[in-house]
Each structure stands twice: as structure tokens, then as C-alpha cells.
There are 2 protein chains.
Amino acid sequence: MKDVAALAGVGLKTVSRVVNGEPGVREETATKVRAAIEQLRFRRNDGARLLRQGSRTRSIGLILEDLADPFYALLSRAVEDVARAHGSLLLIGSSAEDPVRERELALDFCARRVDGLIIVPTSGDHGYLADELAAGTAVVCADRPAAGLPVDTVLADNRSGAADGVGHLIRQGHRRIGYLGDALGIYTAIERLDGYREAMAAAGYGIGEHWVAMGKPDPLGVRFALDRMLSGPEPVTALMCGNSRTTVAVLRELSTRPSSPALVGFDDFELADMLPTPVTVVAQDPATMGRMAAGLLFRRMDGEQAQPQQLQIPTRLIQRGSGERSL
Amino acid sequence: MKDVAALAGVGLKTVSRVVNGEPGVREETATKVRAAIEQLRFRRNDGARLLRQGSRTRSIGLILEDLADPFYALLSRAVEDVARAHGSLLLIGSSAEDPVRERELALDFCARRVDGLIIVPTSGDHGYLADELAAGTAVVCADRPAAGLPVDTVLADNRSGAADGVGHLIRQGHRRIGYLGDALGIYTAIERLDGYREAMAAAGYGIGEHWVAMGKPDPLGVRFALDRMLSGPEPVTALMCGNSRTTVAVLRELSTRPSSPALVGFDDFELADMLPTPVTVVAQDPATMGRMAAGLLFRRMDGEQAQPQQLQIPTRLIQRGSGERSL
DNA sequence: TTGAAAGCGCTAACAT
DNA sequence: ATGTTAGCGCTTTCAA
């Protein structure tokens with residue numbers, strides 16, 4: 001900028017005025033300055049600008065489990081759109097469900113002075129964010145709450161969604177219903193499992209010893225779980241799956257077996273309607289989740305001071321066939 | 001930092017030393033400083049640090065078509081992993097295939113002084129990047145080249161991949177093969193169409209008047225295209241689809257019809273193997289593409305001066321059934 | 001309409 | 001081992 005000023009034969013501030021479209025520059029002078037800018041290929045350094053202005057950096061950070069997961073990819077895109085509408089850039093990072101990694105990312109983002117942070121919290125402790133919050137960084141949680149951190153949070157209606165799915169199976173006449181969910185320790189896994197239990201209890205049905213299997217959705221684990229659930233004197237006649245990856249793993253395993261229990265999955269996925277037996281699901285809405293989380297974040301950044309709120313997004317049962325196989 | 005220095009009763013530079021773990025501070029002094037840091041909840045402002053150091057900002061930008069698209073989501077994750085390994089943060093933005101938006105994003109990123117930029121170029125002009133290149137920002141293109149911009153580029157082997165798929169159909173005995181691809185103007189759409197033409201020509205087969213349909217993969221367009229291809233005196237007996245979204249749209253439309261032509265899709269997609277007729281595809285590898293693009297980018301950022309290179313990632317034909325229906 | 005000086009928060013280069 | 005000064009590239013303040 002100094003060079004531009006020198007070349008144009010004007011003061012530093014005049015260049016600044018031209019660059020920022022501020023008034024108070026004669027058109028003639030402005031033209032000279034623009035020529036110099038062109039010639040020197042000058043680009044304003046926004047880092048320096050932000051530093052001096054001491055204002056917002058017009059950037060937000062998003063930390064989620066895995067950017068490549070379709071659910072989070074959709075959520076990210078919604079966040080991006082809102083950020084864009086507010087003139088903010090988006091920094092993004094995948095925690096891979098690792099609290100250490102999440103923390104590193106969050107602190108890195110804060111060191112860069114993002115104006116706000118949207119986090120899909122891992123199961124670790126989030127005390128470290130309290131300082132950042134106090135320092136004025138807006139924080140919003142999406143998909144899961146951060147234990148003990150008083151921030152706006154957007155969740156799906158996990159518990160009643162799962163209960164809905166299970167209730168649906170019960171209405172088809174099923175009494176012995178198995179549940180396959182994600183690793184315990186993940187908030188949504190626990191909530192949905194609770195929903196399953198509630199629905200079974202509400203119907204007055206007991207839960208067999210081997211009917212619940214929680215864990216990362218790997219093929220082998222799913223196979224063993226199904227072995228146990230589908231054998232013995234009282235095999236399950238229906239399955240509720242706690243997330244779409246598990247649903248797919250279960251479908252793959254079932255496709256190698258003769259038996260075909262009824263099945264409802266939590267979380268919709270692409271082509272669920274095109275499979276040999278179209279899959280009934282309790283659908284979430286990742287785009288809405290992202291949009292709402294970002295909306296809350298920007299409200300906070302705009303100075304909203306109200307008590308942190310917790311928003312729940314309803315789930316929706318989509319009947320496609322796999323859940324309507326009666327006994 | 002000034003406050004920390006005052007509270008600890010030391011000089012500014014001493015605080016800086018402690019914060020950055022530089023040697024030359026007595027443990028006793030360091031302890032005092034750390035106490036002050038704790039008390040004041042001091043966090044170094046990386047923006048100021050970067051400005052002063054004049055060095056890299058340890059951040060890169062990624063601009064793609066749509067973050068929510070599974071292909072780009074996988075690519076993004078791979079880029080993120082490489083960036084992480086190099087200690088860089090990732091700024092991300094979706095161009096939505098709009099050259100204006102792409103340009104805005106790119107220039108915003110450059111104004112923030114990202115060290116490098118990975119772009120999935122839209123069809124617009126990319127001259128504006130020449131200045132940034134000259135200014136020292138590393139640029140790499142992924143998935144498509146940027147016309148007239150001399151930068152490293154990573155592409156799938158679109159043409160021979162499509163030719164492979166078509167050749168496969170030909171080997172099954174098909175002579176009348178239709179092609180449905182993305183909107184012309186998109187680089188990959190043209191390349192793959194050319195591959196189809198080459199394969200047909202190589203076999204000595206002509207291409208019927210209505211056998212090629214290019215456009216956004218919307219259900220209506222696909223329906224009309226299939227109407228034309230599958231009717232008349234010489235209906236096609238096989239289809240090649242130019243991208244996974246088109247493939248899915250075609251499958252949906254075909255599921256409402258009695259006829260079932262053989263089908264090969266370009267680009268793999270989840271559950272392709274689980275559909276009633278598992279789908280044969282020419283698979284790309286988005287993760288490898290992202291990894292390679294990021295690898296090239298960091299090599300450039302490390303000072304690599306060689307001529308821009310163009311890398312091609314081979315595609316892979318995966319036979320699953322839909323492409324093996326012989327006549 | 002214009003520009004000189006001060007300073008954003010930090011670090012490099014020198015002091016001491 | 002520690003502190004002082006200057007300055008990264010910009011904007012703010014205030015004076016001309």
C-alpha cells in the first residue's frame with residue numbers, strides 16, 4: 001500500500017480510501033491511485049486490516065465428526081450457505097470423534113480469532129471452551145450437546161424419533177425387536193437406545209438378553225450381533241438400527257441370509273427407496289440442523305444475550321416397505 | 001500480551017518467549033508469566049503473529065462445486081487430512097458451478113492470504129488467478145483444468161474411463177448404446193462424451209440421432225431422453241451414464257418401466273452394489289484425487305519450481321451386473 | 001480533499 | 001536472561 005501511495009504520489013490514507021471505496025477522494029486522484037494499484041497488482045491484506053480494525057474477522061469455524069459423512073456434508077453445506085449470506089468465511093475440520101483433535105481444532109480456530117464456532121462435540125470434556133466463550137467467541141453445538149457448556153444447541157429429536165420407529169414396528173405386530181446402535185459414549189447413540197427402551201416398555205414388552213448391540217458399525221460386529229439376535233428359541237422378528245451406517249451394514253449382512261426381519265433405520269440415506277426392499281426410516285434433516293445452528297450462531301454474534309436455548313428438530317417416519325413387513 | 005507482561009512484571013518479549021516456548025527464560029520467570037497468562041486468560045492472536053512474521057498463514061483454501069456432493073465431500077476430507085498433516089487450516093467454499101461465486105471465494109481467500117488454493121474450476125474464465133499466482137499463492141486444480149492457467153492439475157482419466165465403460169457394453173454384444181451426460185460446458189461431461197464417441201467409432205458403430213442426451217440430471221429431462229432412446233425402430237439396448245447423479249436419475253426412471261437396458265455408470269456411488277440389479281460402474285477415486293491435489297499444492301508451497309504438471313488418476317471398471325446383461 | 005502520526009498485537013533484531 | 005525498539009500492513013484520528 002505504501003508502494004502504491006508512492007507510485008501514485010499520494011498519501012497512504014488516500015490509497016486506503018480508494019481501496020475501501022470511502023468518499024472524500026477526487027475522481028482524478030482516485031484514477032491515479034487505481035492505475036498504481038493495477039500496475040503493482042496490489043491486493044489489500046485483510047489480515048492486517050482485521051488486526052487494526054479490531055473487529056470481527058468475518059469467519060466462523062465448523063468442527064464435525066467427519067466431513068466425508070453424507071449427514072455432515074449436508075450439514076456443512078447449510079452452514080456454509082448461512083455463513084455466506086452473512087459475509088463470513090468458513091473454516092472446517094473433522095474431529096474424527098477424537099476429543100484431543102477437536103480441542104486442537106477449536107483452539108486453532110480461536111487463535112485465528114474466528115467470530116464463532118459450530119461444534120459437533122465429541123464425548124470428551126469441553127471445559128476448555130468456557131474461556132473462549134468468556135472471551136467473546138460465540139459457540140453453538142449441533143447434533144449433540146457439550147456436557148456442562150452453556151451454549152445454544154440444536155439436536156434432532158433422537159429419543160422420540162427412535163421410539164416412533166420402534167412403535168411403528170410394534171404396531172405391525174412385532175414383539176421381539178432388536179436394536180443395533182452406535183458406540184455407547186456417543187450422545188445420540190444413548191438417546192436413541194433410550195427411545196427404543198421407552199417404546200418397548202410402553203408396549204409392555206420385555207427386551208431379550210441379546211437384543212441390543214452397540215458399537216461402531218463394522219461388518220463383523222454386525223454379523224455377530226445378528227447371529228445372536230436371529231437365533232435361539234426367541235429370535236427377534238424386527239430390527240431398529242440406530243444410524244444409517246449401521247442400517248447399511250445390517251442390510252448387507254441380511255442380504256447374505258435367508259431370514260428377513262422387518263427393519264427401521266434411524267437417519268435417511270440415499271437410495272434407501274431403491275433397494276430391493278425399500279427401507280423405512282426415521283429421517284433427520286441435516287440441512288435444517290446446519291441452518292438452525294448457523295442461525296443461532298449469527299444471532300449470538302450479533303449480540304443476542306438471552307439464555308442459551310436448546311432446539312429440537314422433529315424427525316419424520318418414512319414408510320417404504322422394510323418396516324411394514326408384518327409378522 | 002502487554003497486560004500479561006505488566007501483571008507478571010516482565011518485558012513484552014519475555015511473555016512472547018514463554019508463549020512460544022522459546023529458550024532463554026528462567027523457569028522461575030516463566031512460571032510467573034504462565035500464572036499471569038492463566039489469570040488474564042490470555043490467548044495469542046495468531047493474526048497479529050502471522051502479520052508480523054510475514055510468513056505463511058498456514059491455511060489453504062478449497063473451492064469446489066458443492067460440499068454436500070458425496071464425491072466432493074470425500075475429496076474435501078482427503079484434502080483436510082493432508083492439510084492437517086502439514087499444519088494448515090482449511091477454508092472451504094462451494095461455487096455452485098457459478099464462476100462469479102468462485103471468483104469471489106478465491107479472491108476472499110487470497111485477501112486472507114491463504115498459502116494455497118485448490119480449485120475445482122467452473123467453466124468461466126480464470127485469468128483473475130494469474131495475478132494471485134504471480135503474487136506467490138500456490139494454485140492447484142482438481143477434477144477439471146482451468147483453461148489457460150498454468151497450474152498443477154489432477155484429473156480422472158475421464159475419456160478412457162468412459163471408453164472403457166462403453167467398450168465393456170460393446171463386448172457384451174451391444175451395438176446401439178445411448179449416452180446420458182452432464183451439461184455440456186462442464187469439462188468432465190465433454191471428455192466422457194468423447195470417450196463414448198471414441199469407443200463407438202473404434203467398434204465401427206454409428207451413433208443414432210437421439211442416443212446422446214446432455215444436461216443437468218433432472219428427472220424430467222432424463223425421462224424424455226429415455227423416451228427417445230428406448231422407442232422407435234432402433235431402440236438402444238444399453239446405456240452409459242456420464243456421472244452418478246445421472247445414473248441414479250436413470251435408474252429411478254427405469255424402475256418405472258418394463259424395459260431394462262444394460263447400464264454402466266461413470267462414478268461409483270454408495271449402495272450401487274445393493275440395488276436390485278447391482279450397478280456396474282467406472283469408478284473414480286475422489287480421496288486419491290484430493291490427496292494428490294493437496295500433495296501437489298504443498299510441494300509448490302515448499303518452493304517446487306518445476307513446470308506445472310497434469311496428473312491423471314486411472315478409473316476402474318467394477319462389474320456388478322447391470323453392465324453384464326447381454327443382448 | 002488530503003495526509004501525517006499513532007497504534008492494532010505481535011515478533012525480529014538488537015541492546016543490555 | 002531479559003528488555004527495548006522498530007515495524008508487519010493496515011485503519012483511525014486528527015490536523016491541514
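The structure presented is a predicted model; accordingly, all values stated were derived computationally and were not measured. Labels below follow one simple rule: chain letters A, B, ... track the order of the sequence lines, proteins then strands, and each chain is numbered from 1.
- Distance alone, capped at 3.5 Å, is enough to place a donor-acceptor pair between the B/Glu80 side chain and the A/Ser94 backbone.
- The side chain of A/Leu51 lies closest to D/dG9, out of D/dT11, C/dT2, D/dG9.
- The side chain of B/Arg26 lies closest to D/dT2, out of D/dT12, C/dG9, D/dT2.
- If you find the closest nucleotide of DNA chain D to B/Pro23 and to A/Leu12, the one lying nearer the 5' end belongs to B/Pro23.
- B/Arg17 comes within contact range of at least one nucleobase, with a heavy-atom separation under 4.0 Å.
- Residue A/Val10 is in sugar-phosphate contact alone, with no base atom involved, counting any heavy-atom pair closer than 4.0 Å across all strands shown.
- What you find for B/Asp115 and B/Thr57 is that their closest heavy atoms are OD1-N, 2.8 Å.
- Across D/dA1, D/dG3, C/dC10, the shortest atom-to-atom separation from the side chain of B/Asn45 is found for C/dC10.
- Contact annotation: B/Thr14 does not reach the phosphate of D/dT2 (side-chain N/O to OP1 or OP2, under 4.0 Å).
- Nucleic acid contact for A/Gly24: base, since at least one base atom lies under 4.0 Å from a heavy atom of the residue.
- Ranked by how close their nearest DNA chain C nucleotide is to the 5' end, B/Gly47 and B/Lys13 are led by B/Gly47.
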Salt bridge (charged side-chain N to carboxylate O under 4.0 Å, His left out), that's the test. Do A/Arg245 and A/Asp182 meet it? Break it down for me. CA-CA 9 Å; A/Arg245 288 216 279 246; A/Asp182 213 330; over 6 Å; no

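- Between A/Met1 atom CE and D/dT11 atom C1' the separation is 8 Å, expressed in whole Å.
- For B/Gln53 and C/dA12, the shortest distance from a side-chain N or O to OP1 or OP2 is below 4.0 Å.
- Contact annotation: B/Asn20 side-chain N/O to C/dT11 OP1/OP2 distance is under 4.0 Å.
- Looking at the side chain of A/Lys2, the nearest of the listed nucleotides D/dC8, C/dG9, D/dA1 is D/dC8.
- For D/dC10, the OP1/OP2 oxygens have no side-chain nitrogen or oxygen of A/Ser16 closer than 4.0 Å.
- Taking both residues in full, the closest heavy atoms of A/Ile92 and A/Ser76 are given as CD1-OG, 3.8 Å, listed atom of the first, atom of the second, then distance.
- Here the closest heavy-atom approach between residue B/Arg300 and residue B/Ala306 is recorded as NH1-O, 2.7 Å.
- Put simply, A/Thr29 has no side-chain N or O that comes within less than 4.0 Å of OP1 or OP2 on C/dT1.
- With rounding to whole Å, A/Arg56 atom CZ is found 19 Å from C/dC8 atom P.
- Atom pair A/Glu22:CD and D/dT11:C1' shows a separation of 8 Å (rounding to whole Å applied).
- Heavy atoms of B/Arg43 sit under 4.0 angstrom from primed sugar atoms or phosphate atoms, though from no base atom.
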